[in-house]
Amino acid sequence: MYGGSYNGFTQWAATKKLHPALKTIVPSAAVAPGLDVPMTNNVQMSFAFPWTYYTGNNKFLDQKDYGSPQWGDLYWKWYNEGYAYRSLDSLTGRGANAMFQRWVAHPTYDKYWQDMIPYKKEFANINIPVLTTTGYYDGGQIGGMYYYRELMKHNPKADQYVLIGPYGHFGSQGYPDSVYNGYRIDSVARINIHEVIYQWFDYVFKNRPKPAILQNRFNFEVMGDNEWRHIPSLKQMSTDTLKFYLDSPHLSPLKPLRKAALSQKIDFANRDGLSSYYYENQIIYDSLNTSGMVFTSAPLTNPLTISGAFSGLLKTIINKKDMDYHVLLFEQMPDEKYFFLSYFMGRASYATSTEKRSLLTPGQMESIPFSNTYITSRRLGKGSKIVIVLNINKSPFEQINYGTGKNVSDESIKDAKTPLAIKWFNDSYINIPVLR
């Protein structure tokens with residue numbers, strides 16, 4: 001089997017009860033239901049909503065309906081008028097959407113989602129060769145890396161390979177764009193992934209050599225270095241970690257001597273502005289248009305390769321029981337432009353487990369870890385700076401968490417009487433993986 005996105009998911013679904021006729025899978029940009037679509041880190045995202053009609057309107061795919069501007073209009077209507085997220089389907093005038101209502105009824109990664117794909121020890125039974133292809137800017141990367149990590153964990157001897165580069169969701173499935181969202185990818189990254197997949201089938205079925213690019217189990221391209229690296233596993237993608245404290249306005253390598261906090265207030269009743277993890281369809285920016293907190297490192301004295309998945313721990317006090325937040329990672333280049341590297345978006349009450357919600361205590365210090373970020377690899381030049389943007393989700397593109405502690409899909413602007421008040425403490429930190 002091979003294919004991308006939903007078809008990547010179906011391959012992993014087929015391995016849940018592995019049939020002897022299935023000899024290999026090549027999942028590209030593979031979705032992991034409940035883990036990256038329709039929710040990531042337990043936050044439901046609106047872009048998946050029209051897909052239910054795209055695939056469900058008739059026996060084929062309803063391209064005309066799916067490509068209509070009506071969906072953007074729908075998101076903004078929902079946002080501006082402050083309806084509960086659960087009511088999104090009613091705003092279409094098409095009646096209840098059974099699939100969407102099942103999604104919002106399961107905000108936790110529970111048995112509903114777990115039954116769709118291999119879960120925990122079921123990965124141990126997967127004993128066929130697997131080739132995963134994905135990209136640094138592939139929305140399916142979270143799913144692809146979930147499958148990869150779980151298979152490694154439960155079957156360390158699995159015949160598993162990964163190919164990842166500066167590709168988006170569609171490019172990682174077959175034919176990468178030479179220019180992706182304004183960024184001209186390195187020449188060595190401009191490969192025909194479809195051809196690699198066919199070579200993989202020759203390797204599995206005809207005992208031919210492995211595709212030349214698969215020189216080791218985990219194969220990744222370093223943006224800006226124009227070079228492929230080949231390592232035994234994801235763990236070797238970095239060899240060191242840089243720790244930076246969020247000591248406004250700096251990313252400080254030293255823990256602050258005196259504890260301090262930045263205050264932020266989010267008025268969910270005011271829909272004049274927005275903030276989202278969704279940073280447009282662009283890689284390079286002239287400036288950062290954000291209402292969030294911005295932290296910047298000192299200029300690099302030498303080139304540095306960021307490689308892997310960044311993580312961190314946020315120390316905070318809020319006046320509510322929950323919040324949805326995002327952390328964005330940029331390189332500020334010597335010409336002052338910003339290169340988008342990676343991000344995290346998630347719900348604080350699921351910070352320690354996607355399977356169990358633990359509400360925050362208003363007014364109490366909380367430590368909120370995050371780690372399920374998008375892996376990246378880029379060589380930063382001398383004089384570049386590392387930049388972190390920290391903010392709260394408030395946009396038409398995902399649920400709005402008003403912090404009551406109820407199912408977020410049931411909350412509405414009626415729950416926005418009291419603004420969200422946050423204190424971000426300067427002993428919060430970010431871990432940046434680097435390759436020496």
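Only heavy atoms go into these numbers, but all of them, side chains included; no hydrogens, no water, no symmetry mates.
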Residues [X] and [Y]: side-chain donor-acceptor under 3.5 angstrom:
X: Y350; Y: E355; value: no
X: S5; Y: Q173; value: no
X: S28; Y: T133; value: yes
X: Q399; Y: S409; value: yes
X: N426; Y: S248; value: no
X: N97; Y: Y53; value: yes
X: S349; Y: D322; value: yes

Can you find a heavy atom in the side chain of [X] that is under 4.5 Å from one in the side chain of [Y]?
X: V222; Y: T305; value: yes
X: F123; Y: W12; value: yes
X: K394; Y: Y79; value: yes
X: T376; Y: M223; value: yes
X: D415; Y: K406; value: yes
X: D324; Y: M345; value: no
X: S311; Y: T373; value: no
X: I430; Y: L246; value: yes

Would you find a donor on one side and an acceptor on the other, under 3.5 Å apart, between the side chain of [X] and the backbone of [Y]?
X: Q236; Y: S233; result: yes
X: E366; Y: T361; result: yes
X: N319; Y: P419; result: yes
X: Q141; Y: I375; result: yes
X: T132; Y: G144; result: no
X: Y402; Y: T418; result: no
X: S412; Y: K414; result: yes
X: T316; Y: K423; result: yes
X: S275; Y: I392; result: yes
X: Y75; Y: S46; result: yes

With rounding to the nearest 0.5 angstrom, report the [atom1] to [atom2] distance, [X] to [Y].
X: L88; Y: W78; atom1: CG; atom2: CH2; answer: 7.5 Å
X: R184; Y: I283; atom1: CZ; atom2: CD1; answer: 14.5 Å
X: E336; Y: S384; atom1: CD; atom2: OG; answer: 10.0 Å
X: N41; Y: I142; atom1: CG; atom2: CD1; answer: 6.5 Å
X: T15; Y: I126; atom1: OG1; atom2: CD1; answer: 3.5 Å
X: T354; Y: N372; atom1: OG1; atom2: CG; answer: 8.5 Å

For [X] and [Y], work out which heavy atoms get closest and say how close.
X: A269; Y: I413; value: O-CD1, 3.8 Å
X: G140; Y: T134; value: C-OG1, 4.4 Å
X: R271; Y: G82; value: NH1-CA, 3.8 Å
X: L390; Y: L314; value: CD1-CD1, 4.0 Å
X: Y137; Y: F339; value: OH-CE2, 3.3 Å
X: W76; Y: L274; value: CH2-CD2, 3.1 Å

Taking the six-membered ring for Trp and the full ring for Phe, Tyr or His, determine whether the centres of [X] and [Y] are under 6.0 Å apart.
X: F9; Y: Y6; result: yes
X: Y183; Y: F340; result: no
X: H106; Y: Y112; result: yes
X: Y374; Y: Y343; result: yes
X: F170; Y: Y175; result: no

For E221, run the side-chain contact (heavy atoms from CB on, under 4.5 Å) check against V188, I185, L163, I213 and tell me which one passes.
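Filter result, single survivor: V188.
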inquiry  = Here's a test for you: under side-chain contact (heavy atoms from CB on, under 4.5 Å), which of N42, V43, N407, V408 qualifies with P107?
reply    =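 Per the side-chain contact (heavy atoms from CB on, under 4.5 Å) rule, the option paired with P107 is N407, out of N42, V43, N407, V408.
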Please collect all salt bridge (Lys or Arg N to Asp or Glu O under 4.0 Å) contacts where either partner lies in residues 88-99, sequence neighbours excluded, each pair once.
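Every pair satisfying salt bridge (Lys or Arg N to Asp or Glu O under 4.0 Å) with a residue in residues 88-99: D65-R94.
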Might you confirm whether atom [atom1] of [X] has over 12 heavy atoms from other residues, nucleotides or ligands at distances under 6.0 Å?
X: K16; atom1: NZ; answer: yes
X: K382; atom1: NZ; answer: no
X: Y2; atom1: OH; answer: no

Which word best sums up how the rings of [X] and [Y] line up, parallel for under 30°, tilted for 30 to 60°, or perpendicular for over 60°?
X: F100; Y: Y85; value: tilted
X: F344; Y: F370; value: tilted
X: Y109; Y: Y146; value: perpendicular

>> Checking T404 now: which residues fulfil side chain to side chain donor-acceptor pair (under 3.5 Å) with it, not counting sequence neighbours?
In response: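 T404: side chain to side chain donor-acceptor pair (under 3.5 Å) contacts with E411.
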Quickly, which of W228, Y161, Y148 forms a ring pair (Phe, Tyr, Trp, His ring centres under 6.0 Å) with F218? Name it, please.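 Between F218 and the candidates, ring pair (Phe, Tyr, Trp, His ring centres under 6.0 Å) is satisfied uniquely by Y148.
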query = Step by step, would you call S291 with N391 a side-chain contact (heavy atoms from CB on, under 4.5 Å)?
reply = CA-CA 7 Å; S291 60; N391 209 354; 3.1 Å; yes
- Item | N401/N393 under side-chain contact (heavy atoms from CB on, under 4.5 Å): CA gap, chis, key distance, verdict | CA-CA 8 Å; N401 187 343; N393 290 5; over 6 Å; no
* Going through the distances and angles, do Y277 and M45 end up as a side-chain contact (heavy atoms from CB on, under 4.5 Å)? -> CA-CA 11 Å; Y277 74 96; M45 301 167 293; 3.2 Å; yes
query = Within 45 degrees of the axis of the six-membered ring of F425 and under 6.0 Å from its centre: does K259 put its NZ or CZ there?
reply = yes
Can Y325 and I422 be said to form a side-chain contact (heavy atoms from CB on, under 4.5 Å), step by step?
CA-CA 11 Å; Y325 67 98; I422 314 164; over 6 Å; no
